[in-house]
There are 2 protein chains.
Amino acid sequence: MARKRFDDSSCSVARALNEVGDWWSLLIVLQAMYGTRRFVDFQQELGIARNILVDRLCRLVDNDVLRKVDVGEHGPRFEYRLTDKGRDLFPVVIALRQWGDKYNPCPEKPPLDLRDRRTGQPIRQLEVQDAEGNPLSVRDVFVQEDPQDDKKQA
Amino acid sequence: MARKRFDDSSCSVARALNEVGDWWSLLIVLQAMYGTRRFVDFQQELGIARNILVDRLCRLVDNDVLRKVDVGEHGPRFEYRLTDKGRDLFPVVIALRQWGDKYNPCPEKPPLDLRDRRTGQPIRQLEVQDAEGNPLSVRDVFVQEDPQDDKKQA
DNA sequence: GAAATCTGGTTTCATTTCGAAACCTTATTA
DNA sequence: TAATAAGGTTTCGAAATGAAACCAGATTTC
């Protein structure tokens, strides 16, 4: 892909977006979190063009977000399953979902109600927190400059 | 834009990606969180083409993620500032950053060290939690079906 | 055992989008 | 008066996208 890429960027957000920052990749990961595993199912549930889906699945596999597993006992069958790295996108997806629910609720339906399987309770609102668990806003944080200048521990 | 859009999608993640799900929008928001406000600064710091930047800024303004403020006392001057909605993308950005730091660390530099302005301590790792604050993985959650259909308990 | 089907793709091609560079307009400064 | 700055717009070639047709191996159906 010839879009400007950021493989080399010193910003890890940019590098993360490099892997899952296009229109489809994160939706594919989301579908996978819902349990979708097979090519045709991704295709139908997302309504994505097949060639694009191939491209994205390959890229996600290359980036170790998904694993392609041959389950073909009768006929060609493959499954695309989340890796640990892929599952670790859970907070990203949840953060996006909560933001979407807050600012762009669907007028008809209520938002999807995600709950803890164990207790049946809704999950908590994600928030950025300080070391003690107090909520932090954008303005409450700063970037600690490279501590190698002043001799700090490693 | 003629990419498949999801304005109508019942999935709030899809609707969120609709607003900030392209290559540049979230990076613009990130820059804004770092304090960038002016057109030329976004352009130079991100290395984005000017026409694309115009398009994305307009879209972010339309979607109420940024506000365009005329600060032109002498000559044309505008600032693009985060709205509350834009600032609420903070957890999304942090989730992406932490994921990127974990799986795609920059080999040379250490990751950006975000700290709490008040205490100087690093911020906490984001995690999805249940009502009591215990961590939840993808597999620990389920989608509560619309409770009006069947009278189920949790 | 031949035909239709399912799965997981490729290929082709028209339409969009991207990115770079040139240009434009208003206003300020040298 | 000329040069510069800010914030765009225009143009154009290159790349990505999406739809639909095609393909190939294996399998069920008749």
Side-chain angles (χ1 to χ4, degrees), chain A residues 1-9 14 17-28 31-32 35-63 65-82, chain B residues 1-9 14 17-28 31-32 35-63 66-81:
Chain A
M1 322 215 101
R3 276 194 176 101
K4 180 155 288 187
R5 306 306 291 277
F6 299 95
D7 306 298
D8 52 335
S9 172
L17 288 175
N18 224 14
E19 296 195 2
V20 294
D22 72 287
W23 288 95
W24 287 115
S25 297
L26 210 54
L27 287 175
I28 290 172
Q31 272 303 317
T36 300
R37 299 180 154 192
R38 299 228 326 282
F39 184 87
V40 284
D41 294 331
F42 282 112
Q43 210 252 306
Q44 287 176 0
E45 280 157 39
L46 292 171
I48 181 177
R50 320 175 109 242
N51 47 353
I52 306 301
L53 178 56
V54 171
D55 179 81
R56 293 306 187 276
L57 287 174
C58 287
R59 202 125 66 78
L60 290 169
V61 169
D62 283 348
N63 287 330
V65 173
L66 295 178
R67 227 173 53 242
K68 183 172 181 177
V69 181
D70 187 338
V71 294
E73 311 198 355
H74 347 280
R77 282 288 175 99
F78 298 97
E79 287 189 354
Y80 293 90
R81 298 188 192 158
L82 286 170
Chain B
M1 323 216 101
R3 275 193 178 103
K4 178 153 290 184
R5 307 306 292 276
F6 298 95
D7 306 299
D8 52 336
S9 171
L17 287 175
N18 223 14
E19 296 194 2
V20 294
D22 72 286
W23 290 93
W24 287 115
S25 297
L26 210 55
L27 287 175
I28 291 172
Q31 271 303 316
T36 300
R37 297 181 157 192
R38 300 227 327 281
F39 185 87
V40 284
D41 294 333
F42 281 113
Q43 210 251 305
Q44 287 175 1
E45 281 157 39
L46 291 172
I48 181 176
R50 317 175 112 248
N51 47 353
I52 306 300
L53 178 57
V54 171
D55 178 82
R56 293 306 187 276
L57 287 173
C58 287
R59 203 126 63 80
L60 289 169
V61 168
D62 284 347
N63 287 331
L66 296 177
R67 228 174 50 243
K68 182 173 182 177
V69 181
D70 188 338
V71 295
E73 312 200 354
H74 350 281
R77 285 287 176 100
F78 298 96
E79 286 188 354
Y80 293 90
R81 298 187 193 158

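Owing to the predicted nature of the structure, the values given are computational and were not obtained by experimental measurement. Just so it is clear: chains get the letters A, B, ... in the order the sequence lines come, proteins before strands, and each one is counted from 1.
Rounded to a whole Å, the CZ atom of Arg59(B) is 13 Å from the C1' atom of dT16(C). With rounding to whole Å, Glu79(A) atom CD is found 13 Å from dT7(C) atom C1'. Distance, Phe78(A) CZ to dA26(D) P: 11 Å, rounded to whole Å. Between Asp55(A) atom CG and dG9(C) atom C1' there is a gap of 13 Å when expressed in whole angstrom units. What separates CG of Leu46(B) from P of dG19(C) is a distance of 11 Å, to the nearest Å. Per the geometry, CZ belonging to Arg77(B) stands 12 Å off C1' belonging to dT29(C), to the nearest Å. Rounded to whole angstrom, the span from the CG atom of Leu57(A) across to the P atom of dG8(C) amounts to 10 Å.
Of the listed nucleotides (dG7(D), dA19(D), dG9(C)), dG7(D) has the atom at the smallest distance from the side chain of Arg38(B). Nearest nucleotide to the side chain of Asn51(A), out of dG19(C), dG9(C), dA19(D): dA19(D). If you check dG8(D), dG19(C), dG8(C) against the side chain of Arg50(A), the one that comes closest is dG8(C).
At a threshold of 4.0 angstrom between heavy atoms, the contacts of Phe42(B) with the nucleic acid are absent. If you check every strand for non-hydrogen atoms under 4.0 Å, Val54(B) touches a base.
With sequence neighbours left out, Gln31(B) forms a side-chain hydrogen bond (donor to acceptor under 3.5 Å, both in side chains) with Thr36(B).
In this structure, Ile52(B) and Asp41(A) both approach DNA chain C, and ranking their closest nucleotides by distance from the 5' end singles out Asp41(A).
From Arg56(A), atom CZ reaches atom CG of Asp22(A) across 4.0 Å, with rounding to the nearest 0.5 Å.
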